Amino acid sequence: MPRITLPDGSVRAYDQPVTAAEVAADIGPGLAKAVIGAQINGELRDAGALIEQDAELTLITAIDRKTGESSEAALLLIRHSCAHVMAEAIQRVIPGVQLVYGPPLDKGFYYDMSVPPDRPISTDDFDAIEAAMSKIIAEDRPFARYELAVDEGMKKLQAEGSKYKIDNAKRAVEAGSDRLSWYATGEPNKDWEDLCKGPHVPSTGRIGAFKVMSLASSYWHGDANSDRLTRVYGTAFADKKQLADYLDQLEEAKKRDHRLLGKQLGLFHIDEAVGQGLVLWTPNGAIVRKELQNFISEELRKQGYQEVFCPHIAKLELYKTSGHFPYYADSQFVPIMERDFLRKLADDGCSCSDLANMMAAGDIEGYLLKPMNCPHHIKIYSSQPRSYRDLPVRLNEFGTVYRWEQSGELSGMIRVRSFTIDDAHLFCREDQLSDELRGCLSLVKVAFETLELKDLRIRIGLRDPDSSKYVGEPEVWEKAERACRDAAAELGTHVSEELGEAAFYGPKIDFIVRDVLGREWQLGTVQVDYNLPERFDLTYTGSDNQPHRPVMIHRAPFGSMERFIGVLIEHFAGAFPTWLAPEQVRVLPISDKSMAYAEKVQRALTDQRVRGGIDRNDDRIQAKIKAAVEMKVPYLLVVGPNDEREGVVSIRARGIRRNLGTLPIAVFVEALRREIDSRGRQTVVAEHFQAMTV
RNA sequence: GCCGCCGUAGCUCAGUGGUAGAGCACACCCUUGGUAAGGGUGAGGUCAUGGGUUCAAGUCCCAUCGGCGGCUCCA
C-alpha cells in the first residue's frame with residue numbers, strides 16, 4: 001500500500017505497488033508523456049521502476065516545464081542512455097568491438113571499448129556512428145530492464161565470453177549486488193543489450209540531441225600495465241538547442257585557451273629547438289610575470305620575508321639527504337656527471353647498463369638540476385647559528401626548478417619541464433606554526449582576491465595511512481595535519497580533505513582552479529614539514545640554551561609562475577587588468593599630420609612610466625582601432641587635429657565599443673597612473689566616465 | 001610513457017599521385033582620414049625530418065621529431 005509523497009508535499013496513496021510512470025499518468029497525460037525517470041527516496045531510477053513501499057518521489061522530465069532547463073538528473077539519464085545507443089552503433093559499424101564501461105560525465109559521457117587491433121576507430125567513423133545512432137533513436141526502441149540471479153547472470157556472461165563484462169559483474173557483486181541487470185534496447189535476448197545497473201530513459205527516442213565528440217585511449221581499471229582501451233567521448237542533451245548552446249560555449253572557451261592567446265598576444269613561445277615543455281617568455285609575457293612578481297614581493301616585504309637567490313643545480317648528495325632522490329628519480333632530469341668520474345668509470349670498463357644502473361641508484365658523483373628549492377634554502381638557514389629570537393626565518397625566492405614530466409603530460413605553460421616557483425620556506429618554532437600558517441594563507445588570499453580568481457577549490461592533502469610513500473612518524477604527521485586543518489578552517493571558504501594527497505614529507509593546503517577546458521590544476525600551496533628539519537638536523541638555540549628543532553613551512557601562493565599565468569591568461573581571456581597589461585595604452589593618430597602631437601602624448605605617458613606606443617601605420621583610424629582591440633589594449637587614445645587644438649585625447653576603453661569623450665593629456669595620465677598603482681581598485685573609466693558606461 | 005588524431009608561408013588554413021595556393025600579417029606605392037578592416041603592387045615555401053614505393057609523392061608506406069585530446073603521473 002505505498003503512499004507516495006511528491007515534492008510539493010502532496011501524498012498519493014495506492015493499494016498496490018505502482019511505477020513512477022503510473023504516478024505520472026495519474027497526475028496528467030502531459031506529465032505521463034514527459035517523464036523520463038524518477039528519483040525514489042533520492043535515488044535515481046527508471047520511470048518504470050516499481051514502488052512497493054511508502055516513498056518520496058520526484059518525477060524527472062527532460063526539460064523542466066517551469067524553468068525551461070534540464071536537471072542534472074535528466075541529463076544524466078539521457079547521457080547514460082545515449083552511451084548505450086553509441087555503443088550499439090559502434091558495434092554495428094565496427095564488428096569485433098568489445099565493450100568495457102560507459103558512464104555519464106559532467107558534460108557528456110564516454111564508452112571505453114576494446115577494438116580489434118586491425119580496425120581502430122577513427123574520427124572518420126564518426127559520421128557512420130552518428131548515422132547509426134540517429135537510426136536507433138528514430139526507431140524509438142524501449143530500454144527494457146531485466147534481472148538475473150548472480151549465478152545465472154555469470155553463466156550468461158561466460159557464454160558471451162567478454163572478460164570485461166564478466167569483470168564488471170564481479171565488481172558489482174563485490175559491491176553487494178545480489179542480482180545482475182541488463183538493459184536491452186528493444187526486446188531482451190533479441191535486440192542489442194548491455195550489462196548495466198541503469199537507470200535509463202524509457203526509450204531511445206527520448207534522447208533529444210547528441211554528438212560523438214572525440215577519441216582517446218584509456219587503461220583498463222586505470223592501470224597503465226593493463227589493457228589499452230579506446231575511449232569514445234560523446235555528449236547528449238534534452239534538445240538540439242541545448243546541444244548547440246553547449247557547442248557554442250566550447251568554441252568560446254577555445255578562444256580563451258592560453259596557448260592560442262599566448263601566440264596572438266605574444267606572451268610566450270615554446271620552440272622545438274629549445275625543448276618540449278621549456279617556456280620562452282617573450283617580452284609581453286615577461287611584463288606580466290614581472291608585474292606579478294613585483295606585486296607578490298611587496299606583500300612579502302610587508303610580512304617580513306627575506307629574498308635569496310640560489311643556483312639551478314646542486315650536488316646529487318644534497319637531494320639524497322632531502323629524500324628527493326631517488327624517491328622522485330623518474331620525474332627528474334637525469335643527473336649531470338662529473339667528467340673525471342665518467343673517465344674513471346670508462347677506464348674501469350663500466351658498461352652502459354652498469355652506468356644506467358648506477359645513475360638510477362644515484363651511485364655517481366655529480367649534480368642534479370634542482371627539482372625543488374627547499375634543500376638550498378635549508379642550507380641558507382643552517383649557514384649560521386639561529387637563536388629562538390631570530391625565528392621565524394622566512395626565505396623567499398622566485399626559484400626555477402626542473403622536472404621530467406612525461407611527454408604526453410606537457411601542455412602549453414600549464415604543465416612544463418622547467419618552471420619558476422614563487423617559493424618560500426619558513427623556519428619557525430612550534431608555537432609560531434599556526435600564526436605562520438595563517439600568514440601564508442592570507443597571502444594566498446590577497447593574491448587571489450586582487451586577481452579576482454574566485455572560482456577555486458581548497459583541498460587539505462592528508463596522508464593515506466595505507467601507503468608507504470611517506471616519511472616521518474605518524475604522531476608528527478598528526479600534529480602537522482591538525483595545524484593545517486586549524487589554519488584552513490579560518491579561511492571561511494569550503495575546504496575538502498583528501499587522503500593520499502599529501503606531499504611525501506608532510507600535509508598541505510592546495511588551491512585548485514579549472515582551466516577553460518574544465519581541467520583542474522593546482523596553483524598555490526602551503527605545506528607543513530617536520531621531516532626535512534629532521535633530515536638536515538636543523539636547530540635553533542632556545543631560551544633554555546638547548547638546541548631545538550624548527551618546523552618548516554613550504555609555501556607558494558601562485559605555485560608555478562608558468563602555470564599561474566597560463567591560468568590567468570584564460571581567466572582574463574587575455575584582457576589583463578591595466579596594471580598587468582603588457583601594452584597599457586596605444587596612441588592612434590588620425591593621420592600622419594597628427595604624428596607630432598601623438599609623440600607629445602606618448603612622452604607624457606612614458607614620463608609616468610606607462611607602457612604603450614604609437615600606431616604609426618598608414619591605416620585609417622578604423623583599422624588602427626581594430627588592430628588595437630585585437631591586442632586587447634586597455635586604453636586607446638585617438639588623437640587628431642581637434643584634440644591637438646584643445647590639448648586633449650579622445651579615449652576608448654577596452655570592452656566599451658565607442659568613444660568615451662576627451663580628457664586633457666595630464667588629467668588622463670594621472671588617472672591612469674592611479675588605476676595602475678591601485679591595481680584596478682580605481683579606474684579611469686570609473687573616475688571620469690562612470691555615467692557613460694551605464 | 002600509452003592510444004587516437006594532426007604537422008603546407010610569420011599566423012589561420014585550402015590542396016583528388018601529375019607545374020605549391022588563399023586570407024591576414026609584412027614591405028613599397030597611392031590615399032591623409034575622426035572611432036572595429038580604403039586601394040594597388042611585391043616579397044615570403046627544404047610541404048616537420050629521414051628513408052621507401054612510383055615514370056612521377058605535399059598527397060601512399062615506414063621511422064623519427066613536434067603538436068592536440070584523453071589515459072596514467074604530478075614534490
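Letters go in sequence order (proteins before strands), and every chain restarts at 1. Keep in mind it's a predicted model, so treat the numbers as computed, not measured.
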- Item | R79(A) charged N/C atom sitting above F109(A) aromatic ring, 6.0 Å / 45° | no
[N] base to [X] side chain: any donor-acceptor pair below 3.5 Å?
X	N	answer
S331(A)	A75(B)	yes
S214(A)	G70(B)	no
D618(A)	U31(B)	yes
R403(A)	C73(B)	no
R652(A)	U35(B)	yes
S650(A)	U35(B)	yes
D592(A)	G33(B)	no

- Where the side chain of D423(A) meets the backbone of G399(A), is there a donor-acceptor pair that is under 3.5 Å apart?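 Not at all, since once roles are kept as given, no pair shorter than 3.5 Å links the two residues.
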Residue [X], side-chain atoms from C-beta onward, closest of [options]:
X	options	result
Q406(A)	G38(B), G34(B), C73(B)	C73(B)
Q276(A)	U35(B), G70(B), G67(B)	G67(B)
K508(A)	C3(B), A75(B), A36(B)	A75(B)
R415(A)	C73(B), A75(B), G1(B)	C73(B)
K626(A)	G70(B), G1(B), A37(B)	A37(B)
Q527(A)	G34(B), A75(B), A36(B)	A75(B)
Y219(A)	G34(B), A37(B), U72(B)	U72(B)
N617(A)	A36(B), G69(B), C26(B)	C26(B)

Just checking [X]: base, sugar-phosphate only, or nothing, at a heavy-atom cut-off of under 4.0 Å?
X	result
Y327(A)	nothing
G640(A)	base
R231(A)	sugar-phosphate
Y505(A)	sugar-phosphate
E501(A)	nothing
I621(A)	sugar-phosphate
R259(A)	sugar-phosphate
S591(A)	base
R228(A)	sugar-phosphate
R417(A)	nothing
D330(A)	nothing
S594(A)	nothing

Give a yes-or-no answer on whether the side chains of [X] and [Y] include a donor-acceptor pair shorter than 3.5 Å.
X	Y	result
D271(A)	H269(A)	yes
H425(A)	N373(A)	no
R645(A)	N642(A)	yes
Y164(A)	D112(A)	no

With both distances kept under 3.5 Å, what pairs with [N], Watson-Crick or G-U wobble?
N	value
C13(B)	G21(B)
A48(B)	U64(B)
A36(B)	none
G69(B)	C3(B)
C26(B)	G42(B)
U59(B)	none

Separation between the [atom1] atoms of [N] and [M], rounded to whole Å:
N	M	atom1	answer
G67(B)	C26(B)	P	29 Å
C13(B)	A48(B)	P	15 Å
C71(B)	G17(B)	C1'	38 Å
G10(B)	G52(B)	C1'	33 Å
G39(B)	U32(B)	C1'	14 Å
A20(B)	U16(B)	C1'	15 Å
A27(B)	A14(B)	C1'	25 Å
G58(B)	G69(B)	P	30 Å

Between [N] atom [atom2] and [X] atom [atom1], what is the distance in whole Å?
X	N	atom1	atom2	answer
D619(A)	C30(B)	CG	P	16 Å
Q622(A)	G38(B)	CD	P	7 Å
R645(A)	G34(B)	CZ	C1'	12 Å
D615(A)	A36(B)	CG	P	15 Å
E630(A)	C11(B)	CD	P	17 Å
D510(A)	C74(B)	CG	P	13 Å
K624(A)	U35(B)	NZ	P	14 Å
M113(A)	C3(B)	CE	C1'	14 Å

- Under 4.5 Å between any side-chain heavy atoms of E405(A) and V416(A), yes or no? no
- With the side chain counted from C-beta on, respond yes when F427(A) and I378(A) share a heavy-atom pair under 4.5 Å apart, and no when they do not. yes
- Just jot down the ring-ring contact (aromatic ring centres under 6.0 Å, His included) partners of F268(A), sequence neighbours excluded, or say none. H258(A)
- Message: If you assign P641(A) and E405(A) each to the RNA chain B nucleotide with the nearest heavy atom, which residue ends up on the more 5' nucleotide?
- Response: P641(A)
- Mapping E409(A) and H324(A) onto RNA chain B by nearest heavy atom, which one lands closer to the 5' end?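 Upstream on the strand: E409(A).
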- Query: Would you call Y328(A) stacked on A75(B), i.e. ring centres under 5.5 Å apart with the planes less than 30° off parallel?
  - Reply: yes
- Task: Determine whether the aromatic ring centres of F668(A) and Y635(A) lie less than 6.0 Å apart.
- Result: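 Yes, the ring of F668(A) comes within the 6.0 Å limit of the ring of Y635(A), centre to centre.
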- Query: Does a side-chain N or O from R658(A) land closer than 4.0 Å to OP1 or OP2 of A36(B), or not?
  - Reply: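 No, no such contact exists.
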